[in-house]
Amino acid sequence: MPREEVMKWLRTRFFPHIWCPGCGHGVIMHALLRSLTALDKKPEETVIASGIGCSSRMPGYINACTVHTTHGRSLGFATGIKLAKPELTVIDVMGDGDCTAIGGNHFIHAARRNLDITTVIFNNNIYGMTGGQYSPLTPMASKATTAPFGHIERPFDIAALAIAAGATYVARGTAFHAQLLTDLIVKGIESKGFSVIDAITQCPISYGRKNKMGSAADMLAWQRDSAVPAQAVAKMKPEDLQGKFVIGELYRTTAPEYTAEYDKLIARVYKKGGKEN
Ligand SMILES: Cc1ncc(C[n+]2csc(CCOP(=O)(O)OP(=O)(O)O)c2C)c(N)n1
């Protein structure tokens with residue numbers, strides 16, 4: 001059972017949830033809720049937005065200001081909310097398909113603007129809700145319902161994409177490393193700018209079964225065994241990283257935050273009585 005302070009963030013009246021047995025999405029939701037309690041956030045000052053997908057059902061279970069929007073567009077909604085009320089903590093939860101396929105354009109431009117929004121990408125390598133079609137994060141050679149003979153597209157390196165697009169905090173955790181994930185989400189929320197947390201999670205039904213990865217417990221063991229801590233990478237050769245992924249804080253910088261710049265612009269224009277120069 002979650003701790004009492006975490007329970008307060010749950011809308012248990014909507015349980016049972018929709019997630020399959022062994023799905024990692026609940027572990028990530030728990031990490032998010034632990035990060036909100038650790039930061040002493042208040043539900044009425046916390047917005048959780050999502051698009052469409054198994055992962056995107058999550059805000060419905062959370063007792064905060066939540067919006068379950070349209071597939072790939074949640075960052076558009078989150079942007080509007082943040083601009084209208086910059087004082088709110090805005091978190092956007094997205095599936096890997098939601099964020100990087102249909103939502104890819106919103107994602108890169110939100111990162112470029114450096115809006116103070118924390119995104120948590122539920123990266124289960126697949127479109128879970130619709131039955132296992134490949135996403136832009138599906139690894140090459142994996143099987144999917146739309147790649148029955150093995151996937152021939154290269155996946156995005158989502159961390160590199162986020163950094164190149166302008167995100168100012170980028171990290172990766174997994175459902176297996178639940179405490180690390182909590183700490184990374186805490187830091188992402190604290191960081192004033194666009195934060196991206198790639199949260200690797202298992203989909204035993206639509207991805208694991210097709211790729212003979214075993215049970216949910218086996219998939220958690222796969223996360224444990226494939227993860228390389230960011231601190232260890234410097235000492236490793238590129239070939240040692242084959243088939244592995246790096247976890248921990250991957251990138252952090254500072255850059256002007258969009259809503260702060262917008263407020264400055266409004267103040268400047270008011271001071272000049274609305275005149276251009
Ligand atoms: C405009 C639009 N296109 C397609 C769909 C169908 N659809 C619903 S969820 C989904 C993919 C979800 O996959 P992902 O974002 O990876 O999340 P997961 O279910 O794996 O958590 C798709 C394609 C939709 N709802 N709306």
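Order of listing sets the numbers, starting from 1, for every ligand and every atom in it. Here, residue 1 is the first one in the sequence, and each next residue gets the next number.
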For Q223, does its backbone N or O pair with a side-chain atom of S226 as donor and acceptor, under 3.5 Å? no
Looking at T100 and G97, would you say the former's side chain and the latter's main chain have a donor-acceptor pair under 3.5 Å?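 Such a contact is absent between T100 side chain and G97 backbone.
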Compare all side-chain heavy atoms of [X] with those of [Y] and state whether any distance is below 4.5 angstrom.
X	Y	value
F15	Y61	yes
I200	F176	no
W9	L32	no
I91	I117	no
T182	I185	no
T118	Y169	no

Is there any N or O on [X] that sits under 3.5 Å from an N or O of ligand 1?
X	answer
C54	yes
N124	yes
T130	no

Which residue supplies the protein heavy atom nearest to [atom], what is that atom called, and how far is it?
atom	result
atom 13 (O) of ligand 1	Y127 CA, 3.4 Å
atom 25 (N) of ligand 1	I52 CG2, 3.7 Å
atom 21 (O) of ligand 1	S55 OG, 2.7 Å
atom 3 (N) of ligand 1	H71 CD2, 3.7 Å
atom 14 (P) of ligand 1	G97 N, 3.7 Å
atom 15 (O) of ligand 1	D98 N, 2.7 Å

Heavy atom of I102 under 4.0 Å from ligand 1? yes
Would you check whether Q133 reaches within less than 4.0 Å of ligand 1, judged by its heavy atoms? no
What are the atoms of ligand 1, with element, lying closer than 4.0 Å to any heavy atom of [X]?
X	answer
H25	21 (O)
I126	16 (O), 20 (O)
G53	9 (S), 12 (C), 19 (O)
G128	13 (O), 18 (P), 19 (O), 20 (O)

Lys/Arg-Asp/Glu bridge criterion (N-O < 4.0 Å) met for E261, K264: yes
Between K42 and E44 (salt bridge meaning N to carboxylate O under 4.0 Å), is one present in this structure?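 Salt bridge flag = no for E44 with K42.
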